[in-house]
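These numbers were taken from a predicted model, which means no experiment stands behind them. Proteins get letters first, then strands, A, B, ... in listed order; numbering begins at 1 in each.
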Protein chains: 2
Amino acid sequence: MATITMADVAKKAGVSKSTVSQFLNKRYEYMSEETRERIDAAINELGYQPNHIARSLKQKRTAMVGIIVSNIMHRHSTEISRSLEDFFNQHDMNAIICNADNDQEKERKYIEMLRAKQVDGLIIFPTGQNVELYQSMVKSGYPVVFMDRKVTDISVPSVIVNNREATKNAVNHLIENGHQKIAIVTELLTISTRLERRLGYMDALQESNLPILDEYMISSDIPAMAAQLKNLFSVKEPPTALVAGNDLVFLEVLKFAKANHIKIGERVGLIVFDNIPFADLVSPSVTTISQPSHEMGQKAAELLLKQINKEDVKKEDTVFECELFIRESTQSRFQY
Amino acid sequence: MATITMADVAKKAGVSKSTVSQFLNKRYEYMSEETRERIDAAINELGYQPNHIARSLKQKRTAMVGIIVSNIMHRHSTEISRSLEDFFNQHDMNAIICNADNDQEKERKYIEMLRAKQVDGLIIFPTGQNVELYQSMVKSGYPVVFMDRKVTDISVPSVIVNNREATKNAVNHLIENGHQKIAIVTELLTISTRLERRLGYMDALQESNLPILDEYMISSDIPAMAAQLKNLFSVKEPPTALVAGNDLVFLEVLKFAKANHIKIGERVGLIVFDNIPFADLVSPSVTTISQPSHEMGQKAAELLLKQINKEDVKKEDTVFECELFIRESTQSRFQY
DNA sequence: TTGTAGGCGTTATCAG
DNA sequence: CTGATAACGCCTACAA
């Protein structure tokens with residue numbers, strides 16, 4: 001493409017570059033009606049497209065934000081990403097979505113890359129491990145919002161849910177339905193959400209004076225989970241109910257249950273922490289703890305935009321409530 | 001941040017900007033060992049970060065590509081996006097993911113926005129409706145790859161699957177299992193994939209000399225689908241098997257089936273066109289036509305990168321094969 | 001109301 | 001090997 005610039009437009013319209021620039025920035029006060037029309041015509045004829053790069057260089061604003069997602073294959077992450085993208089698009093900004101895969105190195109690389117690209121701000125699902133990097137961003141006043149996980153000792157506005165309480169409520173629901181032997185399965189406890197969910201689980205047991213047993217608390221990476229589940233169901237008193245820490249864990253549980261002919265909702269009650277699209281459509285339908293992804297995305301985007309616009313933003317957590325959707329997987333136990 | 005530039009580094013190291021530039025571009029042959037070390041030291045001390053924007057302005061290369069997805073909420077799209085993002089990241093490029101929502105206007109806006117941002121190329125799940133825009137990109141030699149859908153009369157390398165044949169095979173599988181009354185449910189036929197799937201369906205019926213009935217071919221937008229399904233099952237001879245055109249349609253079918261106590265796999269066989277994460281884990285497990293998302297993403301990325309690097313790329317379609325995973329939803333019928 | 005000049009931070013060209 | 005100097009395309013005083 002013949003890369004046509006402001007200068008070309010100016011020449012064609014018989015005015016100077018600055019006037020064209022004024023026009024592009026809609027400062028029409030500074031020119032006659034006639035000039036305006038001439039410029040407009042010139043632009044159309046030439047098919048001129050302003051070069052955002054050049055503009056960014058000057059203005060130090062790229063109208064782009066970076067989003068560093070922990071793992072896009074989580075339904076929850078996809079929903080949030082979509083919500084974020086929507087929001088920024090409505091504000092004529094673009095989102096660069098990156099997958100850190102819960103990997104500290106990848107996260108670091110992305111943060112550096114995106115900052116070097118001068119994106120206006122970052123929304124991060126933090127691994128929690130690049131503390132120095134986080135610090136340096138905060139110190140330099142760079143706009144950042146943490147999503148989904150909190151990082152201790154770093155004052156960054158964060159959008160999270162009440163993982164601990166929500167899990168506690170869910171476990172209480174199981175207890176109320178007569179379950180006493182309840183297990184929880186999560187990925188490795190390297191991320192705050194997973195830890196908090198486990199703590200919520202323990203809270204509930206404690207309050208009901210139920211024993212907290214190590215053998216009922218599994219945390220492992222996905223590939224090793226099948227083996228762990230096997231152990232779990234080989235103990236003397238296998239659990240009668242299970243909390244799956246997220247949707248990927250849920251898949252593993254389903255796989256295991258299918259392979260071992262363990263009927264969900266009959267032999268074992270099940271609650272999943274996360275939205276799953278088919279939760280209410282399968283048989284038995286699955287009780288879930290649902291997070292308000294859309295609202296979380298909107299809120300985080302808003303917090304970031306405010307920082308970008310130099311408005312004051314309190315460095316505090318925004319905590320959303322989860323909702324427990326009770327379905328068949330925790331209710332049909334007493335058919336037996 | 002005090003925005004520190006090459007000039008600062010140059011001064012500190014006691015050399016000129018150009019030498020620093022050479023250093024940054026790893027052209028070490030052009031300088032003495034000693035100079036190199038001095039520059040290196042200066043960079044570290046100052047914490048200098050190169051400004052990609054300035055570089056892009058000069059080089060006319062941003063190391064960013066745009067991805068315009070039809071609808072990120074499709075599992076298939078998410079998988080492809082992830083695959084694309086992976087690939088580009090490995091090549092030190094960033095992907096800007098945008099959601100066009102199958103909306104012509106949104107698509108247009110994004111294409112223009114991304115081009116204005118000087119992204120190096122575009123991967124588009126095309127609505128097929130912005131023909132002039134597509135043309136203009138082709139004419140100007142701008143790197144583009146179409147994904148998932150083909151657009152007639154536009155010579156852009158496209159990465160697609162054999163929708164028609166795959167659907168035909170799937171329907172044949174139903175016929176072989178004794179089904180004669182087979183319906184197909186898709187979204188509106190505005191997109192090539194949906195049309196081709198229907199054509200494949202018709203091919204199969206025709207070859208088996210089965211009648212092609214309008215009342216068995218539903219295409220409607222998602223909100224209206226429930227009503228259409230109701231009609232479908234109210235005809236004199238309701239279908240004994242169903243092909244769901246994608247994962248979102250599948251959800252509607254499930255909802256409908258659940259609400260009307262129609263047992264999938266018993267009263268009605270079901271095939272879904274798309275990967276669904278739980279397909280083999282639910283009861284009955286669901287027969288699916290699976291697309292190789294990962295490979296499709298890699299291929300498209302590769303095709304785009306080649307164009308960006310000015311290598312020759314044939315303007316032809318790359319067609320991947322789908323795989324039919326036969327599961328219980330199409331097999332248990334003869335339990336009865 | 002319009003034009004001129006200088007700069008944003010790099011890279012590239014070409015002398016020295 | 002190193003250093004001026006001129007782009008890249010746009011924005012913004014300031015001057016006219």
Student: Work out which heavy atom in A:Tyr142 is nearest to a heavy atom in A:Gly121; give both atom names and the distance.
Tutor: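 Shortest heavy-atom contact: OH-N, 3.6 Å.
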Student: Would you mind telling me which of D:dT2, C:dG7, C:dG9 lies closest to the side-chain atoms of B:Met31?
Tutor: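 Out of D:dT2, C:dG7, C:dG9, the nucleotide with an atom closest to B:Met31's side chain is D:dT2.
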Student: Quickly work out the A:Glu33 CD to C:dT2 C1' distance and round it to whole Å.
Tutor: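 Going from A:Glu33 (CD) to C:dT2 (C1'), I get 16 Å.
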Student: Can you tell me if A:Arg27 touches the phosphate of D:dT12, counting only side-chain N or O atoms and a distance under 4.0 Å to OP1 or OP2?
Tutor: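 Result: yes.
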Student: Quick one: are the ring centres of A:Phe125 and A:Phe146 less than 6.0 Å apart?
Tutor: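 No, the ring centres sit 6.0 Å or more apart.
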Student: For B:Ser16 and A:Leu57, find the nucleotide of DNA chain D closest to each by heavy atoms; which residue's nucleotide sits nearer the 5' end?
Tutor: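 Looking at DNA chain D, the more 5' nearest nucleotide goes with B:Ser16.
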Student: Please determine whether a side-chain nitrogen or oxygen atom of B:Ser21 lies at a distance below 4.0 Å from atom OP1 or OP2 of C:dT11.
Tutor: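 The answer is yes; a side-chain N or O of B:Ser21 sits under 4.0 Å from OP1 or OP2.
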Student: Taking the side chain of A:Thr5 as its heavy atoms from C-beta onward, which of D:dG9, C:dT10, D:dG3 lies nearest to it?
Tutor: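 Taking heavy atoms from C-beta onward, the closest nucleotide is D:dG9.
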Student: Among D:dG3, D:dC11, C:dT11, find the nucleotide with the atom closest to the side chain of B:Val15.
Tutor: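 Comparing D:dG3, D:dC11, C:dT11 against the side chain of B:Val15, the answer is D:dG3.
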Student: Does the side-chain hydrogen bond (donor to acceptor under 3.5 Å, both in side chains) test come out yes or no for B:Asn89 and A:Tyr110, once each step is laid out?
Tutor: CA-CA 9 Å; B:Asn89 179 40; A:Tyr110 273 130; 3.1 Å; yes
Student: Out of D:dC1, D:dC10, C:dT11, which has the shortest distance to the side chain of A:Arg55?
Tutor: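 Of D:dC1, D:dC10, C:dT11, D:dC10 is nearest to the side chain of A:Arg55.
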Student: According to a strict under-4.0 Å criterion, is A:Tyr48 in side-chain N/O contact with OP1 or OP2 of D:dC10?
Tutor: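 For D:dC10, OP1 or OP2 has a side-chain N or O of A:Tyr48 closer than 4.0 Å.
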Student: Using the side-chain heavy atoms of A:Thr35, tell me which of these nucleotides is nearest: C:dA12, C:dT1, D:dG9.
Tutor: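 Nearest nucleotide to the side chain: C:dT1.
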Student: Record whether the side chain of B:Lys58 comes under 3.5 Å of the base of C:dA12 through a donor-acceptor pair of N or O atoms.
Tutor: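 Answer is no: no donor-acceptor pair is held.
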Student: According to a strict under-4.0 Å criterion, is B:Asn51 in side-chain N/O contact with OP1 or OP2 of C:dC8?
Tutor: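 For C:dC8, OP1/OP2 do not have a side-chain N/O of B:Asn51 under 4.0 Å.
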Student: Measuring from the side chain of B:Ser18 (C-beta onward, heavy atoms only), which nucleotide among C:dT10, D:dC11, D:dA4 has the closest atom?
Tutor: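 Taking heavy atoms from C-beta onward, the closest nucleotide is D:dA4.
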Student: Among D:dA6, D:dC10, C:dG3, which is the nearest nucleotide to the side chain of A:Thr19?
Tutor: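 Nearest nucleotide to the side chain: C:dG3.
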Student: Whole angstrom is fine here: how far is it from CD in A:Gln22 over to C1' in D:dC14?
Tutor: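 The distance from CD of A:Gln22 to C1' of D:dC14 comes to 12 Å, rounded to the nearest Å.
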Student: So does A:Lys60 get a side-chain nitrogen or oxygen closer than 4.0 Å to the phosphate oxygens (OP1/OP2) of D:dC11?
Tutor: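 Checking D:dC11 against A:Lys60, no side-chain N or O comes under 4.0 Å of OP1 or OP2.
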